[in-house]
Amino acid sequence: MTETFTPPTRFAVPGRIAVSEQAAAVWQTARLTEIRRETPHASTFRFAVPDWAGHLPGQHLMLRLTAADGYAAQRHYSIASPPEDAGHIELTLDHVEGGEVSGWFHTVARPGDEVEVRGPLSGFFAWPGDRPALLIGAGSGVVPLMSMVRHHRARGLDVPLRLLVSARGPEELIYAREFGAETTPVFTRSAPEGVVVGRMTAALVAPLLAEQPPGGWEAYVCGSNSFAEHASRLLVAAGQPVDRIRIERFG
Ligand SMILES: Cc1cc2nc3c(=O)[nH]c(=O)nc-3n(C[C@H](O)[C@H](O)[C@H](O)COP(=O)(O)OP(=O)(O)OC[C@H]3O[C@@H](n4cnc5c(N)ncnc54)[C@H](O)[C@@H]3O)c2cc1C
């Protein structure tokens, strides 16, 4: 872990944009060092990437697998780890039924295996930690939001941050052990006794918006297309300005 975090130059010094974009265009070897099960369908894969230039919470990367015959498959994955975890990257993958890349990770990959990555990508969904953040995610859509939560903790930031996360049930809630007072889980199929089962509703979103920290919330929504639409409608109905809602769609 490093003491200080320097944002990638593309966000800090416009004159150096070309340097950072070049770095994101270069494929780098990522060596798998650890696999951690999060839920029955999702695991975290930790990689050593010694030359990684750094990222901001919320960004993603492009991952490439290449077969012995030269066939290659590329997919986007959000970065789960915070920027402070220098030289390492963690990804959390859902096991998609019949999925080429997620299937390989969940059934074949072992520590020591090497894949290729390039990034970081997408400055739009990044949260540098400089403004109040209202995070709303569903399923593996919580991955980039967790990087923000981890960054917030690693830096001891006092800027307000809230996470509303939807999962089918407690056993499907990715990172459940790590959540603290900033997080409100919503369960859509089954829930512990005394907890209501159902979709994310205005009744959950409105009180968070009513808090209105100085400067207002920047909202970050991540999940499937349908979830992203549902959550952004709830936000707008509760008074969040449309131009302060950032959306990442996995679908
Ligand atoms: C910006 C971005 C960030 C992403 N971050 C993550 C992440 O952090 N974790 C993660 O698990 N995924 C993430 N994804 C989704 C990821 O890129 C892949 O689409 C996913 O892993 C499936 O790839 P696959 O090769 O296993 O399946 P494929 O071989 O591509 O598809 C197999 C079948 O599954 C269907 N399918 C594909 N993707 C999904 C899906 N997400 N849900 C349900 N069915 C699907 C396809 O239509 C097809 O029928 C992200 C996508 C984007 C665009």
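Just so you know, ligand 1 is whichever comes first in the structure, and atom 1 is the first atom listed for that ligand. Source: prediction; values computed, not measured.
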Starting from [atom], find the nearest protein heavy-atom neighbour and note its residue, name and distance.
atom	result
atom 40 (C) of ligand 1	Val96 CG2, 3.9 Å
atom 8 (O) of ligand 1	Ser78 N, 3.4 Å
atom 21 (O) of ligand 1	Tyr77 OH, 2.6 Å
atom 19 (O) of ligand 1	Arg75 CD, 4.3 Å

For [X], counting its heavy atoms only, list the atoms of ligand 1 lying under 4.0 Å from any of them.
X	value
Val143	8 (O)
Glu100	24 (P), 25 (O), 26 (O), 27 (O), 28 (P), 29 (O)
Leu93	11 (O)

Could you work out, for [atom], the closest of [options] by heavy-atom distance?
atom	options	answer
atom 32 (C) of ligand 1	Ser140, Ala80, Gly99, Ser102	Gly99
atom 6 (C) of ligand 1	Phe105, Phe250, Phe125, Trp104	Phe250
atom 50 (C) of ligand 1	His76, Glu248, His95	His76

Taking [Y]'s backbone N and O only, do any of them form a donor-acceptor pair with [X]'s side chain (distance below 3.5 Å, no angle check)?
X	Y	result
His55	Ser81	yes
His106	Leu93	yes
His95	Pro40	no

Note to self: With the threshold set at under 4.0 angstrom, would you say Arg249 reaches ligand 1 through any of its heavy atoms?
What the structure shows: yes

Next item on the list: Taking atom types as modelled, find out whether Thr92 and Tyr175 have a side-chain donor-acceptor pair closer than 3.5 angstrom.
Entry: yes

Notebook entry, point to check: Are Thr44 and Glu90 close enough that a side-chain donor and a side-chain acceptor fall under 3.5 Å?
Noted result: no

Item checked: Contact bool for atom 47 (O) of ligand 1 (protein heavy atom, d < 4.0 Å) -> no

Check: So, for atom 13 (C) of ligand 1, does the protein have a heavy atom nearer than 4.0 Å?
Finding: yes

[X]-ligand 1 polar pair, N/O distance under 3.5 Å:
X	answer
Val101	yes
His60	no
Thr92	yes

Checklist line | Arg233: partners by side-chain contact (heavy atoms from CB on, under 4.5 Å), with sequence neighbours left out | finding: Glu229

Checklist line | Those residues that, when tested against Arg110, pass side-chain contact (heavy atoms from CB on, under 4.5 Å) (two or more places apart) | finding: Asp113

Checklist line | Note: Arg46-Asp85 ion pair, threshold 4.0 Å (strictly below) | finding: yes

Notebook entry, point to check: Do Arg189 and Glu172 sit within salt-bridge range, that is, some charged N less than 4.0 Å from a carboxylate O?
Noted result: no

Notebook entry, point to check: How does Asp94 reach ligand 1, by side chain, by backbone, by both or by neither, if only non-hydrogen atoms under 4.0 Å count?
Noted result: both

Check: At under 4.0 Å between heavy atoms, which part of Leu91 makes contact with ligand 1: side chain, backbone, both or neither?
Finding: neither

Notebook entry, point to check: Between Val196 and Ala191, what is the shortest heavy-atom contact and its length?
Noted result: O-CB, 4.3 Å

Check: Between Trp217 and Leu208, which heavy-atom pair has the shortest distance, and what is it?
Finding: NE1-O, 3.0 Å

